[in-house]
Amino acid sequence: RQNRHFVSEDSIIYPGARKSMDIIADGGGRALQLETSDSLEEVDEWYRETLKPDKVIRLSASSVVLKNEKAVATIVREGDQTNILIKMNP
């Protein structure tokens, strides 16, 4: 049975983003923090295509959370940087 929400670790990294944190837990979970100069809209659109989220929550004009059963991506625009925090379940 194939899980439609499966995303490999490498394919979840936004193209051209700088990785500022990458933690792999003993149980198999993972947390990634990425930074890019691309706009919130560009990053949001890319992660909607990549994660195919079940739930999208717009927190403010400069932040959004995308969630499926395997991963949660929090995307926040701060100044001229877009920060991406991804938590992947094992």
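- When all heavy atoms of N68 and P53 are compared, the closest pair comes out as CB-CA, 4.2 Å.
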* Would you sort out whether L66 and R48 count as a side chain to side chain contact (heavy atoms under 4.5 Å, CB included), showing the intermediate values? => CA-CA 7 Å; L66 305 143; R48 285 179 194 242; 3.6 Å; yes
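- Residues I84 and V43 form a side-chain contact, since some pair of their non-hydrogen atoms from C-beta on lies under 4.5 Å apart.
- A salt bridge links R30 and D22; the closest N-O separation between the charged side-chain nitrogens and carboxylate oxygens is under 4.0 Å.
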* Can R18 and S20 be said to form a side chain to side chain contact (heavy atoms under 4.5 Å, CB included), step by step? -> CA-CA 6 Å; R18 184 176 73 82; S20 58; 4.2 Å; yes
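- Other residues, nucleotides and ligands contribute only 12 or fewer heavy atoms inside 6.0 Å of the CD atom of E45.
- In summary, of the residues considered (L34, D38, I75, D44), a side-chain contact (heavy atoms from CB on, under 4.5 Å) with T82 occurs for I75 alone.
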* Intermediate values then yes/no, side chain to side chain contact (heavy atoms under 4.5 Å, CB included), S37 and Q81 -> CA-CA 5 Å; S37 58; Q81 287 286 116; 4.2 Å; yes
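- Between K87 atom NZ and K70 atom NZ the span is 11.0 Å, to the nearest 0.5 Å.
- A distance-only check finds no donor-acceptor pair linking the side chain of Y14 to the backbone of E35 [under 3.5 Å].
- In terms of heavy-atom proximity, G27 sits nearest to P90 at O-CB, 3.2 Å.
- Put simply, V65 and Y47 are part of two different groups of oily side chains (I, L, V, M, F, W, Y) that touch within less than 4.5 Å, one to the next.
- By the 4.5 Å heavy-atom criterion applied to side chains, L32 and I13 are counted as neighbours.
- Residues S63 and V76 approach most closely at CB-CG2, 3.9 Å, considering heavy atoms.
- The hydrophobic cluster containing M88 does not contain L85, counting ILVMFWY residues as joined when their side-chain heavy atoms lie under 4.5 angstrom apart, directly or transitively.
- If you check the side chains of N83 and Q33, you find no donor sitting under 3.5 Å from an acceptor.
- Hydrophobic clustering, with ILVMFWY side chains joined whenever heavy atoms are under 4.5 angstrom apart, groups I12 together with L40.
- Atoms CD and NZ, from E69 and K55 in turn, are 13.5 Å apart once rounded to the nearest 0.5 Å.
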